[in-house]
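Encoded as structure tokens, the structure appears first; notes follow it.
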Amino acid sequence: MKELTVAEATENIYASLRADNADIDAHIVALKAALTREGKKQAVFDPTKLAQNNRSGRKLMQAYFRQRGVSVSFSE
């Protein structure tokens, strides 16, 4: 299996969110591995690409990802 970049893993997560969270856990694992390879501490998401682009939705996403070992922030 090809190792993904952080950008590719992030795009896969956006696609998963649009598909009602299909395979989200597998995509989070791939994102975590990509972050480690690239030496980054957290993933940055564009809130305009999220299905739930409100404070509640963003906080829920942060909590879910944090439980799986990925720190999430949002671009302005």
Side-chain angles (χ1 to χ4, degrees):
M1 184 173 161
K2 177 183 173 266
E3 291 183 343
L4 299 175
T5 65
V6 171
E8 291 169 332
T10 302
E11 285 303 318
N12 288 345
I13 289 174
Y14 289 136
S16 179
L17 292 172
R18 287 189 297 271
D20 200 24
N21 298 332
D23 299 324
I24 191 72
D25 289 329
H27 294 306
I28 293 171
V29 169
L31 175 62
K32 185 176 180 180
L35 286 168
T36 301
R37 275 193 307 278
E38 294 183 20
K40 296 184 178 177
K41 298 285 183 200
Q42 67 180 202
V44 179
F45 288 91
D46 181 355
T48 62
K49 293 184 178 182
L50 301 177
Q52 292 286 322
N53 184 19
N54 56 28
R55 185 176 190 281
S56 175
R58 290 189 305 269
K59 292 297 178 186
L60 181 64
M61 182 179 175
Q62 283 178 320
Y64 190 81
F65 278 59
R66 185 174 44 250
Q67 290 172 350
R68 281 141 188 86
V70 177
S71 177
V72 172
S73 67
F74 299 96
S75 61
E76 293 297 316

Note: with side-chain heavy atoms under 4.5 Å as the link, the other cluster members for Val72 come out as Val6, Ile13, Tyr14, Leu17, Ile24, Ile28, Leu31, Leu35, Phe45, Leu50, Met61, Tyr64, Phe65, Val70, Phe74
Locate the shortest heavy-atom distance separating Asp46 from Ser75; write the atom from each residue and the value.
CA-OG, 3.5 Å
For Arg37, the salt bridge (Lys or Arg N to Asp or Glu O under 4.0 Å) test, sequence neighbours excluded, returns Glu3
Pairs satisfying ring pair (Phe, Tyr, Trp, His ring centres under 6.0 Å), at least one member in residues 16-41, at least two apart:
none
Heavy-atom closest contact (Lys32 atom, Gly69 atom, distance):
CE-O, 3.8 Å
If you count every heavy atom of other residues, nucleotides or ligands that lies below 6.0 Å from Asp20 atom CG, does the total exceed 12?
no
